[in-house]
Amino acid sequence: MSNSDSPDPYHWIEKSLHTIHRASWHRSVQPIEGRSGPSVSMAGQPSVNFASNDYLGFAGDERLIERAIAATQIYGTGATGSRLLSGHRPLHRELEQAIAQLKGTEDALVFSSGYLANIGTIAALVGDRDLILSDEYNHASLKNGAVLSGATTLTYPHSNIDQLQDLLNNHRSRYRRCLILTDGVFGMDGDVCKLPQILNLGDRFESMVMIDEAHSAGVLGKTGAGCAEHFASELKKTSGNKPCRMVQMGTLSKAFASLGGYVAGSSSLIDFLRNRAPSWIYTTGLSPADTAAALGAIALLQQEPYRLSQLHQNSQYLVRQLDQWLTHRSAQLPDQLPDQLPDKTTYPLKRLPTDSAIVCLQVKDAATAISLGQQLKNKGIFISAVRPPTVPVSRLRISVMATHTLAHIDQLVTALTAVLDPKKT
Ligand SMILES: Cc1ncc(COP(=O)(O)O)c(C=O)c1O
């Protein structure tokens with residue numbers, strides 16, 4: 001029975017949206033036209049794209065598009081059901097074997113997204129008698145996985161190994177199992193986790209370690225295998241030739257230009273997840289097109305290793321250009337009173353430490369981040385303005401691709417200078 005005078009149970013939504021707007025936290029999507037790439041078209045205007053996680057520049061690659069089309073023609077558009085109930089395609093297994101080979105693990109399991117890989121794996125590995133220790137800057141899917149698992153979760157300050165050790169000392173013995181969670185490359189910062197020290201603590205305190213390689217696989221390491229390869233020589237010193245025991249999660253949606261997530265590790269871990277990870281068991285498998293594209297991207301990474309060096313060169317070039325500009329800028333700023341600056345709301349500006357393809361410029365507040373993002377867009381630069389609650393302090397997040405040219409990067413720095421120091425351009 002409905003009564004038009006009864007209170008509207010949804011009335012709070014408008015109020016809540018109003019609060020979101022007032023805090024400059026409102027989010028909306030920006031349409032991009034045409035094929036993915038280092039430059040795209042937005043509202044008919046060309047834009048250099050620094051907002052994409054397509055680090056290796058594969059998402060618009062003709063060869064991967066052809067593979068996706070061929071797989072669709074052979075197998076159809078959908079996986080039609082969960083892999084356990086409806087059967088899977090040989091492509092699914094081939095992809096898992098290719099991931100295991102890239103990561104140097106015994107086996108791998110492909111989930112329908114990275115988010116699902118994280119929540120399902122964490123919930124399978126720990127429960128309410130267990131402890132999770134999680135870096136404060138971890139991705140939302142790790143944090144939500146921790147909540148869903150029912151384990152007691154304690155957060156340690158970002159990359160603070162001493163604090164992690166204190167937590168282990170003070171709490172580990174009261175729990176059955178312990179799982180340490182960390183991003184490999186922190187996606188909204190760009191720095192790399194301290195994996196050797198974390199693994200060392202894991203060994204000392206009989207704790208599992210799960211690393212999220214969403215922004216490190218296809219980016220770090222000699223062959224793009226990610227953090228374990230990046231730290232290979234340090235890890236060899238501490239563990240000799242013993243295989244590195246950890247749960248390596250990643251996504252197929254960034255450097256591998258497709259959709260889906262994975263966990264790579266020992267064959268017993270993978271077999272266990274196939275039997276216990278709810279977000280793998282009770283969801284539809286990856287579509288044939290996505291599976292074929294991811295498989296093709298891993299093969300291309302191996303055939304075209306120059307893409308990795310191009311990505312590193314581009315990232316380093318950007319950091320050098322930004323630092324030169326910021327050093328020059330800060331040398332000039334102390335002579336000016338803040339209210340004489342061209343736009344005092346943009347001061348100060350700080351580049352965050354990075355060892356990856358993500359370079360962030362921290363700004364004063366959310367409104368500044370949005371305003372800068374919009375001004376850069378007007379100058380043909382597409383960049384993500386990241387605000388709370390995603391990050392504690394607002395920033396411009398610049399994502400570098402192997403297929404950017406140095407001219408693209410120069411264009412970005414020129415646009416930043418024009419927006420932040422208009423008198424000098
Ligand atoms: C660190 C990290 N983990 C997990 C995910 C989720 O991956 P997916 O987009 O494949 O669901 C993301 C995606 O933004 C991420 O940045």
Side-chain angles (χ1 to χ4, degrees), residues 83-84 88 92-111 114 116-127 130-133 141-142 145-146 149 151 172 175-184 193 195-214 216-218 220-221 223-232 234-252 256 260-281 285-286 294-295 298:
R83 285 168 64 189
L84 285 178
H88 75 174
H92 289 119
R93 198 58 199 136
E94 275 175 57
L95 176 57
E96 288 169 345
Q97 283 159 348
I99 292 167
Q101 198 215 0
L102 173 72
K103 307 283 299 176
T105 57
E106 286 173 2
D107 206 349
L109 184 66
V110 167
F111 290 71
L116 290 173
N118 271 339
I119 59 173
T121 302
I122 297 169
L125 293 177
V126 286
D130 303 320
L131 173 67
I132 289 177
L133 299 175
S141 52
L142 288 173
S149 74
R172 170 67 186 99
Y175 294 89
R176 180 184 60 164
R177 298 180 199 139
C178 176
L179 175 65
I180 304 172
L181 296 177
T182 185
D183 275 15
C193 72
L195 185 63
Q197 291 94 319
I198 294 173
L199 284 173
N200 182 269
L201 287 179
D203 272 351
R204 281 178 46 206
F205 288 88
E206 199 197 332
S207 298
M208 300 175 281
V209 173
M210 177 167 169
I211 181 170
D212 178 334
E213 300 244 47
S216 41
L220 294 186
T223 66
C227 281
E229 195 179 42
H230 176 74
F231 287 111
E234 273 177 77
L235 293 179
K236 207 163 174 205
K237 270 186 231 145
T238 48
S239 62
N241 283 331
K242 269 197 301 178
C244 177
R245 283 187 310 169
M246 66 174 154
V247 182
Q248 301 185 54
M249 173 274 165
T251 178
L252 301 168
F256 302 114
Y262 64 84
V263 170
S266 67
S267 28
S268 52
L269 168 74
I270 298 307
D271 202 23
F272 174 77
L273 292 178
R274 260 195 298 267
N275 286 276
R276 281 284 188 272
S279 64
W280 186 81
I281 299 170
L286 207 58
L295 196 49
I298 293 174

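- Residues Ala123 and Ser149 come closest through the heavy atom pair CA-CB, 3.9 Å.
- Minimum heavy-atom separation, Ala151 to Leu131: CB-N, 4.5 Å.
- Other residues, nucleotides and ligands contribute at most 12 non-hydrogen atoms within 6.0 Å of the CZ atom of Arg276.
- When all heavy atoms are compared, the tightest approach of Leu95 to Leu295 is CA-CD1, 3.6 Å.
- Residues Val209 and Gly202 come closest through the heavy atom pair CG2-CA, 4.2 Å.
- The closest donor-acceptor contact from the side chain of Ser266 to the backbone of Thr105 lies at 3.5 Å or more, if one exists at all.
- The side-chain contact (heavy atoms from CB on, under 4.5 Å) check on Ile281 picks up Leu84, with sequence neighbours excluded.
- Ion pair Glu96/Arg93 flagged as a salt bridge, since at least one NZ, NE, NH1 or NH2 atom sits closer than 4.0 Å to an Asp/Glu carboxylate oxygen.
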Checklist entry - When you look at Met208 and Val126, which way does the side chain to side chain contact (heavy atoms under 4.5 Å, CB included) test go after all the steps? => result CA-CA 10 Å; Met208 300 175 281; Val126 286; 4.0 Å; yes
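- A distance of 14.5 Å separates CD of Gln101 from CD of Glu106, quoted to the nearest 0.5 Å.
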Next on the checklist: Set out, in order, the CA-CA distance, both residues' side-chain angles and the distance that settles side chain to side chain contact (heavy atoms under 4.5 Å, CB included) for Met246 and Leu199, then state yes or no.
Outcome noted: CA-CA 8 Å; Met246 66 174 154; Leu199 284 173; 4.0 Å; yes
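- Ile122 is not listed as a side-chain neighbour of Leu125, based on a closest heavy-atom distance of 4.5 Å or more.
- A donor-acceptor pair is defined here as one N or O able to donate and one able to accept, closer than 3.5 Å; such a pair exists between the side chain of Trp280 and the backbone of Val110.
- Taking His230 as the reference, nothing meets the ring-ring contact (aromatic ring centres under 6.0 Å, His included) condition, with sequence neighbours excluded.
- To the nearest 0.5 Å, atom OG1 of residue Thr182 and atom CD1 of residue Ile198 are 4.0 Å apart.
- With values rounded to the nearest 0.5 angstrom, Ile180 atom CD1 is found 11.0 Å from Cys193 atom SG.
- Proximity of a side-chain donor or acceptor of Asp107 to a complementary backbone N or O of Ser267 within less than 3.5 Å is not detected.
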Item to check | Test log, rule side chain to side chain contact (heavy atoms under 4.5 Å, CB included), inputs Asp130 and Leu179 | outcome: CA-CA 8 Å; Asp130 303 320; Leu179 175 65; over 6 Å; no
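- Ile298 CD1 to Lys103 NZ: the interatomic distance, rounded to the nearest 0.5 Å, is 10.0 Å.
- The two residues Cys227 and Leu220 come nearest to each other via the heavy atoms SG-CD1, 4.1 Å.
- Of all heavy-atom pairs between Ala264 and Ile99, the closest is CB-CG2, 4.4 Å.
- Counting non-hydrogen atoms of neighbouring residues, nucleotides and ligands closer than 6.0 angstrom, the CD atom of Glu206 reaches no more than 12 such neighbours.
- The side-chain contact (heavy atoms from CB on, under 4.5 Å) check on Asn200 picks up Arg204, with sequence neighbours excluded.
- Using a 4.5 Å heavy-atom threshold, the side chains of Thr121 and Phe111 count as touching.
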Checklist entry - What's the verdict on side chain to side chain contact (heavy atoms under 4.5 Å, CB included) for Cys178 and Leu133, showing C-alpha distance, side-chain angles and the deciding distance? => result CA-CA 8 Å; Cys178 176; Leu133 299 175; 4.1 Å; yes
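- Taking 4.5 Å as the limit, every side-chain heavy atom of Met249 sits out of range of all side-chain heavy atoms of Leu142.
- Checking side-chain atoms of Arg274 against main-chain N and O of Leu109 turns up no donor-acceptor pair under 3.5 Å.
- Between the side chain of Gln248 and the main chain of Glu213, no donor-acceptor pair closer than 3.5 Å is present.
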